[in-house]
Amino acid sequence: MLGLGTLQTSQSLCGPSVEPPRCPCGRASLCRGALQKDLDSKLFGQHLAKKVILNAVSGFISNPKPKKPLTLSLHGWTGTGKNFVSKIIAENIYEGGLNSDYVHLFVATLHFPHASNITLYKDQLQLWIRGNVSTCARSIFIFDEMDKMHAGLIDAIKPFLDYYDHVDGVSYQKAIFIFLSNAGAERITDVALDFWRSGKQREEIKLKDMEPALSVSAFNNKNSGFWHSSLIDRNLIDYFVPFLPLEYKHLKMCIRVEMQSRGFEIDEDIVTKVAEEMTFFPKEERVFSDKGCKTVFTKLDYYYDD
């Protein structure tokens, strides 16, 4: 259960309260070049996500008076980079990234496990967001496992995402909300597979090929936290960002980066062996990795086990 008493209170986020608390925005401003470098060097096979994230986040941070919070909904299979992108965004705005006092992660199955407690969760969620934004206008809120969240719960934050200057004296216009979900992954795969079967490059896929179907899919999925959500109905989500299923070549890119991060020289023989241990779908074509890059890191341990 998400209990405010067990979480750090908003008053302690910025240190001693001798003076009115303010939000030290980590780096004074987001460096677009640094964000682009991180996306280019760490995120593979996601040309759509890279472009949307770079433009949306850098544009929002550079706007001194946004009309509403930035709201991103990231969709795709496990291991395609949704959580990783959230981490990159957080690290480019705050020192400490996900560990910053101004970045807040909610996991549906951990923080909101019981359907019978939805009313309580709604109240706690509103209080928690209000308290932290009151202290730090540039707060970041990440909601993981939206496809496992109880329907109706996320609508509790609808007033915070709307085009209001203030809600009960608090402005939420500089906050960032990021939703992570597997909902719509089938649709993303269908489009990617159609392009592959037609002999087209995945880089030819445009956002317009995906985004409308993603919002409809999330809205009509009874197993999604966005089921008939007012956030979608009122067009409060700025971007539905598709994460494409990864191919064999992308897995090898992930493995090489992991080797380098561990201080190893890149061994192409090991890279190939690890990549070939992964499973792929559809069954006949074997085009896409069914786990993305999620398990390649642990498989690498086998080859460096002393």
Side-chain angles (χ1 to χ4, degrees), residues 10-15 17 19-39 48-74 85-98 100-106 125-143 154-180 207-208 211 215 226 229-241:
S10 59
Q11 285 73 19
S12 64
L13 289 180
C14 289
S17 56
E19 299 177 354
R22 65 184 183 87
C23 180
C25 285
R27 301 173 177 84
S29 62
L30 178 79
C31 174
R32 180 185 171 93
L35 176 58
Q36 182 165 9
K37 182 179 179 181
D38 276 351
L39 291 171
L48 293 174
K50 283 183 182 180
K51 183 176 181 179
V52 174
I53 297 300
L54 178 63
N55 291 336
V57 175
S58 61
F60 180 76
I61 294 295
S62 64
N63 183 355
K65 294 183 179 181
K67 295 184 181 298
K68 67 178 291 296
L70 176 63
T71 310
L72 305 171
S73 189
L74 315 186
V85 160
S86 301
K87 180 174 180 288
I88 289 174
I89 292 172
E91 288 174 347
N92 275 270
I93 295 177
Y94 287 118
E95 296 289 349
L98 294 176
S100 168
D101 289 332
Y102 313 108
V103 179
H104 312 283
L105 173 64
F106 299 96
L125 190 55
Q126 288 180 340
L127 286 170
W128 179 243
I129 291 175
R130 176 185 170 83
N132 283 290
V133 174
S134 296
T135 299
C136 178
R138 190 68 79 184
S139 292
I140 300 174
F141 301 95
I142 302 169
F143 293 83
I154 201 63
D155 282 357
I157 70 171
K158 181 258 175 192
F160 307 147
L161 306 186
D162 217 327
Y163 292 83
Y164 298 127
D165 290 338
H166 296 86
V167 177
D168 290 335
V170 178
S171 173
Y172 297 87
Q173 294 169 319
K174 291 186 176 182
I176 297 176
F177 293 82
I178 304 173
F179 304 105
L180 314 180
L207 191 61
K208 65 181 181 181
E211 196 173 31
S215 62
F226 282 130
S229 171
S230 62
L231 273 59
I232 296 177
D233 194 39
R234 292 291 302 274
N235 298 311
L236 298 180
I237 295 178
D238 299 305
Y239 297 96
F240 289 88
V241 187

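- The CG atom of L39 lies 7.5 Å from the CG atom of N92; values are rounded to the nearest 0.5 Å.
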> Does the pair I157 and Y172 meet the rule for a side-chain contact (heavy atoms from CB on, under 4.5 Å), with working shown?
Replying inline: CA-CA 11 Å; I157 70 171; Y172 297 87; over 6 Å; no

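- With sequence neighbours excluded, the residues forming a side chain to side chain donor-acceptor pair (under 3.5 Å) with S229 are D155, listed by chain and number.
- Taking every heavy atom of both residues into account, D162 and P69 meet most closely at O-CD, 4.2 Å.
- We find the CG-CG distance between D101 and N132 to be 9.0 Å, quoted to the nearest 0.5 Å.
- You'll find the side chain of T71 stays beyond 4.5 Å of the side chain of L236, heavy atoms only.
- Atom CG of L231 is separated from atom CG of L161 by 5.0 Å, given to the nearest 0.5 angstrom.
- Qualifying side chain to side chain donor-acceptor pair (under 3.5 Å) partners for K87, counting only residues two or more places apart in sequence or in other chains: E91.
- Looking at heavy atoms from C-beta onward, L70 lies out of side-chain contact with I61 at the 4.5 angstrom threshold.
- Qualifying side-chain contact (heavy atoms from CB on, under 4.5 Å) partners for S62, counting only residues two or more places apart in sequence or in other chains: none.
- Across every non-hydrogen atom of S215 and I232, the tightest pair is O-CD1, 3.9 Å.
- Residues satisfying the ring pair (Phe, Tyr, Trp, His ring centres under 6.0 Å) criterion with F141, sequence neighbours excluded, are H104, F177.
- Under the rule for a salt bridge (charged side-chain N to carboxylate O under 4.0 Å, His left out), R32 has no partner lying at least two apart in sequence or in another chain.
- K158 and S230 make their closest contact through CG-OG, 3.5 Å (heavy atoms, listed as atom of the first residue, atom of the second, distance).
- Shown here for G169 and H166, the closest heavy-atom pair between the two residues is O-CD2, 3.8 Å.
- Between I93 and V103 there is no side-chain heavy-atom pair separated by less than 4.5 Å.
- Remark: K37 pairs with no residue by the side chain to side chain donor-acceptor pair (under 3.5 Å) rule, at least two apart or across chains.
- F143 is linked by a ring pair (Phe, Tyr, Trp, His ring centres under 6.0 Å) to F106, F179, counting only residues two or more places apart in sequence or in another chain.
- Looking at residues two or more places apart in sequence or on another chain, you find a salt bridge (charged side-chain N to carboxylate O under 4.0 Å, His left out) between K68 and D238.
- The two residues S139 and Y94 come nearest to each other via the heavy atoms N-OH, 4.3 Å.
- The two atoms that bring F60 and R138 nearest to each other are CE2-NH1, 3.4 Å, heavy atoms only.
- Remark: side-chain polar atoms of S58 are paired, donor with acceptor, to backbone N or O of L54 under 3.5 angstrom.
- Between L72 and V57, some side-chain heavy-atom pair lies under the 4.5 Å cut-off.
- To the nearest 0.5 angstrom, I88 atom CD1 is 9.5 Å from I53 atom CD1.
- Rounding to the nearest 0.5 angstrom, the gap separating the OH atom in Y163 from the CD atom in Q173 is 10.5 Å.
- Between the side chain of Q126 and the main chain of A156, a donor-acceptor pair closer than 3.5 Å is present.
- Side-chain atoms of P66 and K174, non-hydrogen and from C-beta on, do get closer than 4.5 Å to each other.
- Residues passing the side-chain contact (heavy atoms from CB on, under 4.5 Å) test with K51 are N55, sequence neighbours excluded.
- Rounding to the nearest 0.5 Å gives a distance of 13.0 Å between CG of L74 and OH of Y239.
- Scanning for side chain to side chain donor-acceptor pair (under 3.5 Å) contacts around D233 gives an empty result, with sequence neighbours left out.
- Legend: residues meeting side-chain contact (heavy atoms from CB on, under 4.5 Å) with L105, ordered by chain and number and at least two apart, are V107, I142, D144.
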